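Predicted model only: the values in this text are computed from it and were never measured. Only heavy atoms go into these numbers, but all of them, side chains included; no hydrogens, no water, no symmetry mates. We name chains A, B, ... by the order of the sequence lines, and we start the count at 1 in each one.
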Amino acid sequence: MLNQKIAKIFYQIGEYLEMEDVPFKPQAYEKAGRVLESLSKDVGEIYKEKGLQGLKKIPGIGESMAKKIEEFIKTGKIKRYEELKKKCPVNLEELSRIEGLGPKMIKILYQELGIKNIKDLEKAAKKHLIQKLYRFGPKVEENILRGIEFSKKSKGRFLLGFVLDTVKLIEKRLNDLDEVEIAMVAGSVRRRKETIGDIDILVVAKNSQKVMDFFVSMPEVEAVYSKGSTRSSVRLNLGLDADLRVVKKESFGSALQYFTGSKEHNISTRRIAQEKGLKLNEYGVYKRKNQNKWERIGGASEEEVYQLLGLPYIEPELRENRGEIEAGLKGRLPKIVKYEEVKADLHMHTTWSDGSHTIEEMVKEAKRLGREYIAITDHAGELKVAGGMSEKEILLQIKEIEALNKKIKGIKILKGIEANIKVDGTIDVDEKILKRLDLVIASVHSKFKMSKKEMTKRICRAMQNPYVNIIGHPTGRVIQQRAGYDLDFEEILKEAKRTNTFLEINAYPDRLDLSDINIKKAVEAGVKLTIGTDSHHKNQLRFLELGIAQARRGWAKKSDILNCLPLKEFLKKIKKF
DNA sequence: GCCGTTTTCGGCCCGACTGTTTTCAGTCG
């Protein structure tokens, strides 16, 4: 929480400095903001443990910013920021969200028209006051109004899981065209980020005009923003924008690398190019010939781009500038788990609790999707709103699963439950029953707002239960809805390792809990993980892919994921004793 | 303001697009 707050202030300081035309500092603040945002550890804790020196170890944070962080921890304020804000007291966060509006324009709008927020901005635009300003015109005014409308309508980013199918469909359709040599989705979708802002697709085409015609007339297209011969831009009925770009075959690799991002990863790769006397852009890799002549030396494939930079191929899911470049240079990039290596889905619900399908229906769909084994893990115990099973029902369900295992071949069904971790950390199902199951997931479903200390103790105690194998959705976050419970994650990892308990990567689109950053921490701590979809409907079983993507983004190897194991070994490893 | 297997000083990623201008500034990804 502290990290996000300070990050926001740093972003704003950067924007204020940009208004003043201060060179280089804006980028420094912006970078520091991004680093803080994706930092896994709270700066408050870093400061408490290691002081100012600890803060300065954070990349992008030096003397001056460390002191500002210290100031914020101690006083809740940063003087420099308050000064800048006094000079230009506008709602920067709100205004810079408007597409096309940056610090320089915001400053002029404030000085000339006293515009402080979106409300003021909308009023001024409707009165046509903006187009009278120097270097502004009717088009700028129009764009501002459109930007305001968009920001009102759009919810911002979209969950990957709810758009991935459509993206894949569009990609496949394009690839099926005779005119298309290759079509590939780039951007945050290709990196499998948990939320995405828009869709970028690249194609190599023999006849680009025909491809563009096809693209803008797809049934999913709601509006066409622009249609050209090399780039078209549309809004899909899902509510998000999609761009299609035609690139030359010889540039496909560098274009794919460029448009896949992340921005931070690209900045790093271009810096490496520069250090080697090369230049990297979306058209290729270039070598300096003389003063101002560059010679193209590659760019047809991504592999070639990375190779010319002296790097191994870096999987898209790793391209977040979280150490993949450094690891690549040292030859220490991990071999991350492959999509086809995960054999099982370890978390799902049926009509026995709050699911929509019978066990048999779920099993058949899971088999169709190629799973080798699955665990049925209906709610049990006190969670009556979610149809928690009584102990009697659990025993009946065990019988049904045993019968189905005899009936259905080619997939094995494991007997499990999702039990509740009560406030005191105990499990609300009797050990006599737990004993008879293949695996037990224990999750927090109540009283989310406990103190950090209490919640950590609560989950640690659950892990001490000899029959609890997996902690479900360990941090309890719901993307775009609520932050996770307050936890000492380091402590959780220690206890998980000590008690041989596994942490879940919940693959449900709005959970993806553990997050990529927490997965990386768990992997580093040697804690093993399981992936489960938490499906409540058979159509949700396909979300396993999202959990694997998340594992890959967290640098997890095959050996870190328990459900990569064949069934027999899995059953041995899951047991605590 | 940050950073350093060439540096504690002198660099800092790159190009396209847009709208406003007659050569460029601002914004974006």
Side-chain angles (χ1 to χ4, degrees), chain A residues 10-11 13-36 55-69 78 80-81 95-109 130-144 146-147 186-188 191 193 196-200 202 225-226 228 230-231 233 241 243 245 247 251 254-255 257-286 294 299 309-310 319 321 325-326 329-330:
Chain A
F10 278 3
Y11 282 135
I13 293 178
E15 287 182 74
Y16 277 127
L17 294 172
E18 204 153 313
M19 287 181 189
E20 314 281 317
D21 248 332
V22 178
F24 302 113
K25 291 190 190 185
Q27 293 91 307
Y29 275 102
E30 198 197 322
K31 187 187 171 190
R34 276 199 310 262
V35 169
L36 286 183
L55 295 176
K56 277 163 75 175
K57 288 250 168 64
I58 304 168
I61 307 289
E63 183 74 30
S64 164
M65 292 202 206
K67 283 209 171 125
K68 288 190 175 70
I69 294 173
I78 294 175
R80 180 88 178 98
Y81 169 67
L95 289 173
S96 40
R97 261 207 301 271
I98 303 292
E99 182 93 2
L101 213 54
K104 299 270 168 67
M105 289 167 86
I106 291 174
K107 185 187 181 187
I108 294 171
L109 289 169
I130 291 172
Q131 54 173 295
K132 298 198 177 83
L133 300 174
Y134 179 66
R135 275 196 168 277
F136 285 64
K139 288 255 172 92
V140 171
E141 197 173 73
E142 215 174 283
N143 282 339
I144 286 175
R146 215 173 327 159
S188 48
R191 300 201 312 278
K193 213 178 147 174
I196 60 165
D198 54 20
I199 300 166
D200 283 304
L202 299 183
Y225 295 129
S226 68
T230 60
R231 182 187 165 188
S233 192
D241 297 345
D243 271 15
R245 288 164 214 270
V247 300
S251 297
S254 42
Q257 199 276 334
Y258 175 85
F259 284 108
T260 296
S262 67
K263 193 184 171 200
E264 294 75 42
H265 175 86
N266 286 354
I267 289 172
S268 288
T269 49
R270 285 195 290 261
R271 181 170 291 142
I272 290 194
Q274 204 184 35
E275 281 164 10
K276 287 181 163 311
L278 304 173
K279 185 171 74 164
L280 170 65
N281 59 31
E282 60 263 53
Y283 305 107
V285 184
Y286 299 81
W294 292 88
L309 299 182
R319 301 182 197 170
N321 200 33
I325 308 258
E326 294 77 0
L329 286 172
K330 288 185 195 149

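- The side chain of Ile267(A) lies closest to dC13(B), out of dC2(B), dT27(B), dC13(B).
- When heavy atoms are screened at a 4.0 angstrom cut-off, Phe136(A) is found touching the sugar-phosphate backbone but no base atom.
- Separating the CD atom of Glu141(A) from the P atom of dG26(B) is a distance of 20 Å, rounded to the nearest angstrom.
- No side-chain heavy atom of Glu264(A) sits under 4.5 Å from any side-chain heavy atom of Arg319(A).
- A donor and an acceptor atom, one from each side chain of Glu15(A) and Ser96(A), are located under 3.5 Å apart.
- In this structure, Leu55(A) places its CG atom 12 Å from P of dC2(B), rounding to the nearest Å.
- Asn266(A) and Tyr258(A) share no side-chain donor-acceptor pair at under 3.5 Å.
- Among the atoms of the strands shown, base atoms are found under 4.0 Å from some heavy atom of Lys263(A).
- Closest contact between the side chain of Met105(A) and the listed nucleotides dG19(B), dG1(B), dG26(B) involves dG26(B).
- Nucleotides dT21(B) and dC17(B) are separated by 15 Å at their C1' atoms, to the nearest Å.
- Separation of the C1' atoms belonging to dC13(B) and dG29(B) is 12 Å when rounded to the nearest angstrom.
- Contact annotation for Gln27(A): no contact, since no heavy-atom pair falls under 4.0 Å across all strands.
- For a distance-only test at 3.5 Å, the side chain of Tyr258(A) qualifies as a donor-acceptor partner of the base of dG29(B).
- In the set dG19(B), dC2(B), dG29(B), dG29(B) carries the atom at the smallest distance from any side-chain atom of Glu99(A).
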For Arg271(A) and Glu275(A), run salt bridge (charged side-chain N to carboxylate O under 4.0 Å, His left out): C-alpha distance rounded to whole Å, both residues' side-chain angles, the deciding distance at 0.1 Å, then the answer.
CA-CA 6 Å; Arg271(A) 181 170 291 142; Glu275(A) 281 164 10; 5.4 Å; no
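- Among the heavy atoms of the strands, none lies under 4.0 Å from Ile108(A).
- The side chain of Asn281(A) lies closest to dC14(B), out of dT27(B), dC14(B), dG1(B).
- When rounded to the nearest whole Å, the span between CD of Glu142(A) and C1' of dG19(B) equals 12 Å.
- Pairing partner, dT8(B): none, since no Watson-Crick or wobble contact has both distances short of 3.5 Å.
- In this structure, Phe24(A) forms an aromatic stack with the base of dC12(B), since both conditions hold: centre separation below 5.5 Å and plane angle below 30°.
- Rounding to whole angstrom units, CG of residue Asn143(A) and P of dC17(B) are separated by 16 Å.
- Between Glu30(A) and Arg34(A) there is a salt bridge, since at least one side-chain N of the basic residue sits less than 4.0 Å from a carboxylate O of the acidic one.
- Annotation: of the two residues near DNA chain B, Arg80(A) and Gly102(A), the 5′-most nearest-nucleotide partner is Arg80(A).
- You'll find that the side chain of Pro138(A) is closest to dT20(B), out of dG15(B), dT20(B), dT27(B).
- Among the nucleotides dC13(B), dC2(B), dA16(B), the one closest to the side chain of Ser64(A) is dC2(B).
- Side chains of Lys104(A) and Asp21(A) form a contact here, defined as non-hydrogen atoms less than 4.5 Å apart.
- Heavy atoms of Pro26(A) sit nowhere under 4.0 angstrom from any nucleic acid atom.
- Distances shorter than 4.0 Å separate some side-chain N or O of Tyr283(A) from OP1 or OP2 on dA16(B).
- Between the P atom of dC13(B) and the CZ atom of Arg34(A) lies a distance of 11 Å, rounded to the nearest Å.
- Nucleic acid contact class of Lys67(A) (heavy atoms, under 4.0 Å, all strands): none.
- Among the atoms of the strands shown, base atoms are found under 4.0 Å from some heavy atom of Lys25(A).
- Under the 30°/60° scheme for interplanar angles, the aromatic rings of Tyr29(A) and Phe10(A) are found to stand perpendicular.
- Nucleic acid contact for Pro59(A): sugar-phosphate only, since backbone atoms but no base atoms lie under 4.0 Å from a heavy atom of the residue.
- Atom C1' of nucleotide dT18(B) and atom CD1 of Ile144(A) are separated by 13 Å, given to the nearest angstrom.
- Contact check for Lys279(A) versus Trp294(A): side-chain heavy atoms found under the 4.5 Å cut-off.
- The side chain of Arg270(A) contributes no N or O atom lying less than 4.0 Å from OP1 or OP2 of dC14(B).
- Nearer the 5' end of DNA chain B, as judged by each residue's closest nucleotide, is the contact made by Leu133(A), out of Leu133(A) and Lys104(A).
- Taking atom CG on Asp21(A) and atom P on dT27(B), their separation rounds to 10 Å, with Å as the unit.
- Proximity of Lys279(A) to the phosphate of dG15(B): a side-chain N or O atom is located under 4.0 Å from OP1 or OP2.
- Contact annotation: Lys56(A) does not reach the phosphate of dC2(B) (side-chain N/O to OP1 or OP2, under 4.0 Å).
- Looking at heavy-atom distances under 4.0 Å, Asp200(A) makes no contact with the nucleic acid at all.
- Using a 4.0 Å heavy-atom cutoff across all strands shown, Ile61(A) reaches sugar-phosphate atoms only and no base atom.
- Atom pair Arg245(A):CZ and dG15(B):C1' shows a separation of 11 Å (rounding to whole Å applied).
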